[in-house]
K.L.:
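What follows is a structure written as structure tokens; I'll ask about it next.
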Amino acid sequence: MKAFAYGTLSSTLLLSLVEAKKIFIDNDGLSPTQLLFPLAAGHEVVGLSASFGSCSLVDCVGVASAIVEDYNLSSCIPFHIGAQQPLLRTYDTFQLWEDLFGELVWQGGWTPGYEDTYTWDNITNVDDIPGAIALINAVKEYKDTDPITIYMAGLGTTVAQALSIYPQLVNETAGLYIMGGYIDTQMAAATAKDSIVIDINTDINLIQDPEAAQMVLTAGWKELYIGGNVTNYLVPSQALYNEFIERAGGFDVIEDTPYLSWVLSLLGTGNYSENNDQQTLPFWDDVVSAYMSWPEMILESSEVSVAVDTAFYSPFYGNLRVWNSSWAPPSGIKVGAAKIIDKVDNDFFFGKLLDTYYQNWTQYCEVGGPVELIL
Ligand SMILES: *[C@@H]1O[C@H](CO)[C@@H](O)[C@H](O)[C@H]1NC(C)=O
Ligand SMILES: *[C@@H]1O[C@H](CO)[C@@H](O)[C@H](O)[C@H]1NC(C)=O
Ligand SMILES: *[C@@H]1O[C@H](CO)[C@@H](O)[C@H](O)[C@H]1NC(C)=O
Ligand SMILES: *[C@@H]1O[C@H](CO)[C@@H](O)[C@H](O)[C@H]1NC(C)=O
Ligand SMILES: *[C@@H]1O[C@H](CO)[C@@H](O)[C@H](O)[C@H]1NC(C)=O
Ligand SMILES: *[C@@H]1O[C@H](CO)[C@@H](O)[C@H](O)[C@H]1NC(C)=O
Ligand SMILES: *[C@@H]1O[C@H](CO)[C@@H](O)[C@H](O)[C@H]1NC(C)=O
């Protein structure tokens with residue numbers, strides 16, 4: 001893959017003949033590499049939508065919009081507003097459920113007193129078509145030639161909306177990759193010394209919209225990849241920061257180069273021990289995007305049947321239940337077949353993280369790949 005590190009149009013095209021995917025991204029927010037990894041691997045992003053979840057709608061859309069603008073990708077990656085609220089769950093039922101079954105560390109866009117960072121005035125690059133419709137359109141456009149892959153790293157709402165309108169979508173796509181679906185994390189959370197450990201062992205993507213998650217995970221995909229626990233094992237560190245700093249040729253270079261502003265926000269002060277909780281979070285969604293883009297980094301996985309608890313009066317409302325498929329409910333509640341990713345090549349991931357951030361993506365729409373970043 002080294003030859004593609006500084007991809008040119010011809011190498012991208014060559015790769016595309018072999019294994020290129022067409023990908024639709026929906027997330028509650030975004031980070032640059034979630035979008036850039038597929039491009040770096042020679043895939044095509046046919047649509048992007050930002051939906052409510054870990055942030056208010058305007059913030060989730062705002063951060064994605066800023067990334068699309070900063071990397072100059074708006075002319076070739078259609079950007080949409082996805083689901084604006086969960087299917088059934090509301091702020092009030094979310095708070096009531098917490099009263100019944102225990103407070104969540106992370107409440108995302110439903111954090112009491114949440115204050116927006118972005119305003120709609122700042123967001124100028126969204127397409128009028130809602131995310132779910134754009135997704136359906138993309139599925140229909142490529143179903144006969146090159147069925148798309150869906151990457152869903154936030155709540156299931158947008159994909160659930162699309163499935164409700166157009167159920168045959170599952171048979172007209174190559175598959176679905178999701179972030180969320182932790183298993184066996186109770187004890188880790190219960191014995192955590194720090195609330196951040198409780199946070200990272202809480203399945204917030206599923207919990208904020210359990211009904212959507214259940215609809216999506218059991219819809220009958222050709223392939224369903226779940227990135228739960230494994231994504232928690234790839235975390236930032238001082239060693240990683242040092243590699244970023246060394247490649248740039250000094251922390252001051254990162255600070256002084258506007259193009260590297262997203263690297264700067266990843267590194268904070270460059271001193272890991274000065275991080276806040278947000279800067280120590282695992283590379284959750286990015287890990288899923290990475291193994292979707294480069295499947296060779298998947299080392300171990302398990303085939304299981306899955307469903308999401310949708311009983312409101314349950315401490316597991318919005319949690320994933322997994323079964324050996326021979327022992328899954330034969331009728332009754334609907335289950336889906338899934339591949340849980342158990343182990344990935346961590347070094348491969350960190351290598352791609354550095355490589356991808358240190359390429360210049362601003363010409364992508366024109367030349368079909370990154371150009372060399374000159375610092
Ligand atoms: C939004 O735009 C205003 C006015 O241009 C600016 O002051 C503010 O910093 C922007 N906010 C963000 C989050 O970009
Ligand atoms: C998908 O195709 C399978 C096999 O033909 C069929 O059984 C199933 O009903 C289809 N699903 C939908 C939602 O159309
Ligand atoms: C999931 O994560 C928890 C907490 O780290 C761990 O105790 C458990 O063994 C993991 N389970 C699987 C199946 O990976
Ligand atoms: C990193 O931050 C810690 C805590 O503020 C401080 O004690 C340490 O000296 C800093 N290290 C460097 C290399 O600046
Ligand atoms: C499921 O359970 C059966 C025994 O009931 C066993 O033979 C099979 O290997 C199990 N499947 C998996 C994937 O572990
Ligand atoms: C942004 O992308 C367009 C192609 O869509 C290109 O013409 C333009 O030069 C790029 N701008 C920058 C600043 O790289
Ligand atoms: C990215 O590439 C374009 C086109 O070569 C160039 O104009 C721009 O200065 C580059 N940006 C950086 C940060 O290297």
Side-chain angles (χ1 to χ4, degrees), residues 5-9 12 32-33 36 39-40 66-76 132 135-136 139-140 143-144 147-150 156 159-176 212 214-224 236-277 279-280 305 307 325 330-331 334-338 354-375:
Y6 293 106
T8 62
L9 187 56
T12 306
T33 42
L36 299 176
L39 307 182
I67 289 168
V68 170
E69 284 302 303
D70 290 350
Y71 287 94
N72 191 30
L73 296 168
S74 59
S75 68
C76 60
L135 171 56
I136 292 170
V139 168
K140 288 181 176 171
K143 70 184 171 69
D144 297 320
I148 69 162
T149 296
I150 303 171
V159 179
Q161 291 170 335
L163 283 168
S164 170
I165 297 169
Y166 189 65
Q168 60 268 48
L169 184 149
V170 288
N171 283 338
E172 297 177 0
T173 52
L176 173 73
Q214 167 66 359
M215 279 175 67
V216 172
L217 297 191
T218 63
W221 304 93
K222 289 184 182 154
E223 306 227 50
L224 168 57
S237 63
Q238 188 63 52
L240 178 68
Y241 288 7
N242 292 346
E243 285 193 63
F244 268 101
I245 293 165
E246 194 183 317
R247 262 210 219 190
F251 189 69
D252 55 324
V253 177
I254 298 173
E255 285 179 305
D256 296 343
T257 307
Y259 180 81
L260 294 179
S261 65
W262 292 95
V263 172
L264 185 61
S265 64
L266 187 69
L267 268 51
T269 63
N271 180 340
Y272 182 83
S273 59
E274 289 176 347
N275 269 340
N276 61 37
D277 276 357
Q279 289 165 317
T280 58
S305 290
S325 60
S331 55
K334 207 172 168 192
V335 298
L354 280 147
D355 288 349
T356 305
Y357 271 119
Y358 284 119
Q359 286 169 329
N360 179 347
W361 290 96
T362 61
Q363 302 296 299
Y364 175 83
C365 291
E366 209 168 330
V367 303
V371 298
E372 192 177 350
L373 180 65
I374 298 159
L375 295 173

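All ligand and atom numbering here is 1-based and tracks the order in the structure. Keep in mind that the numbers below use all heavy atoms, side chains included, and drop hydrogens, waters and symmetry copies.
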K.L.:
Can you tell me how far the CD1 atom of Ile150 sits from the CH2 atom of Trp221, to the nearest 0.5 Å?
P.N.:
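So the gap between those two atoms works out to 4.0 Å.
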K.L.:
Ignoring hydrogens, tell whether any protein atom lies closer than 4.0 Å to atom 11 (N) of ligand 2; use the non-hydrogen atoms only.
P.N.:
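Yes, there is one.
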K.L.:
Could you tell me, atom by atom, which parts of ligand 2 come under 4.0 Å of a heavy atom of Pro167?
P.N.:
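Near Pro167, meaning under 4.0 Å from one of its heavy atoms, ligand 2 has 13 (C).
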K.L.:
Looking only at heavy atoms, is any part of Leu375 under 4.0 Å from ligand 7, and if so is it the side chain, the backbone, or both, or is it neither?
P.N.:
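Under 4.0 Å from ligand 7, Leu375 contributes no heavy atoms.
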K.L.:
Looking at side-chain heavy atoms only, is the closest gap between Gln279 and Pro236 below 4.5 Å?
P.N.:
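They are not in side-chain contact.
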K.L.:
Can any side-chain N or O of Glu172 pair as donor or acceptor with the backbone N or O of Val139 at less than 3.5 Å?
P.N.:
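Such a contact is absent between Glu172 side chain and Val139 backbone.
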K.L.:
Please verify whether a non-hydrogen atom of Gly220 lies at under 4.0 Å from ligand 2.
P.N.:
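No; Gly220 lies far enough from ligand 2 that no heavy-atom distance drops under 4.0 Å.
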K.L.:
How far is atom 7 (O) of ligand 7 from its nearest protein heavy atom, and which residue and atom name does that atom have?
P.N.:
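Answer, as residue, atom name and distance: Gln363 NE2, 5.0 Å.
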K.L.:
Give the contacting part of Ile374 toward ligand 7: side chain, backbone, both or neither, where contact means a heavy-atom distance below 4.0 Å.
P.N.:
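Answer for Ile374: backbone.
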K.L.:
Under a 4.0 angstrom heavy-atom cut-off, which atoms of ligand 7 come close to Asn360?
P.N.:
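Answer, ordered by atom number: 1 (C), 2 (O), 3 (C), 8 (C), 10 (C), 11 (N), 12 (C), 14 (O).
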K.L.:
List the steps, then state whether side-chain contact (heavy atoms from CB on, under 4.5 Å) holds for Phe244 with Leu354.
P.N.:
CA-CA 7 Å; Phe244 268 101; Leu354 280 147; 3.7 Å; yes
K.L.:
Do side-chain atoms of Thr269 reach the backbone of Asn271 as a donor and acceptor pair under 3.5 angstrom?
P.N.:
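Confirmed, Thr269 side chain pairs with Asn271 backbone.
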K.L.:
Return the residue, atom name and 0.1 Å-rounded distance of the protein heavy atom closest to atom 6 (C) of ligand 4.
P.N.:
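In this structure, atom 6 (C) of ligand 4 has Asn271 ND2, 4.1 Å as its nearest protein heavy atom.
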K.L.:
Show the nearest heavy-atom pair for residues Asn171 and Gly220, with the distance to one decimal.
P.N.:
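Heavy-atom minimum between the residues: OD1-O, 4.4 Å.
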K.L.:
Report the nearest protein non-hydrogen atom to atom 3 (C) of ligand 4: residue, atom name, distance rounded to 0.1 Å.
P.N.:
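Result for atom 3 (C) of ligand 4: Ser273 OG, 3.3 Å.
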K.L.:
If we count only N and O atoms by modelled type, under 3.5 Å, do the side chains of Thr362 and Asn360 hold a donor and an acceptor together?
P.N.:
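Asn360 and Thr362 do have a side-chain donor-acceptor pair below 3.5 Å.
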K.L.:
For ligand 7, which atoms, with element, lie under 4.0 Å from some heavy atom of Tyr259?
P.N.:
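Close to Tyr259: 13 (C).
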K.L.:
Should you measure from each heavy atom of Leu373, which atoms of ligand 7 turn up under 4.0 Å away?
P.N.:
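It comes down to these atoms of ligand 7: 12 (C), 13 (C), 14 (O).
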K.L.:
Under 4.0 Å from a heavy atom of Val371: give me the atoms of ligand 7 that qualify, with their elements.
P.N.:
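Those atoms are 2 (O).
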K.L.:
Can you tell me how far apart CH2 (Trp361) and CG (Leu373) are? Round to the nearest 0.5 Å.
P.N.:
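It is 11.5 Å, given to the nearest 0.5 Å.
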K.L.:
Determine yes or no for a side-chain-to-main-chain donor-acceptor pair under 3.5 angstrom, with Gln168 supplying the side chain and Leu163 the backbone.
P.N.:
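Judged by distance alone, no pair lies under 3.5 Å.
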K.L.:
To the nearest 0.1 Å, how far is atom 14 (O) of ligand 2 from its closest protein heavy atom, and which atom is that?
P.N.:
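Among all protein heavy atoms, the one nearest atom 14 (O) of ligand 2 is Asn171 ND2, 3.6 Å.
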K.L.:
Look at atom 5 (O) of ligand 4 and say which protein heavy atom is nearest, naming residue and atom and giving the distance to 0.1 Å.
P.N.:
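Among all protein heavy atoms, the one nearest atom 5 (O) of ligand 4 is Glu274 OE2, 3.3 Å.
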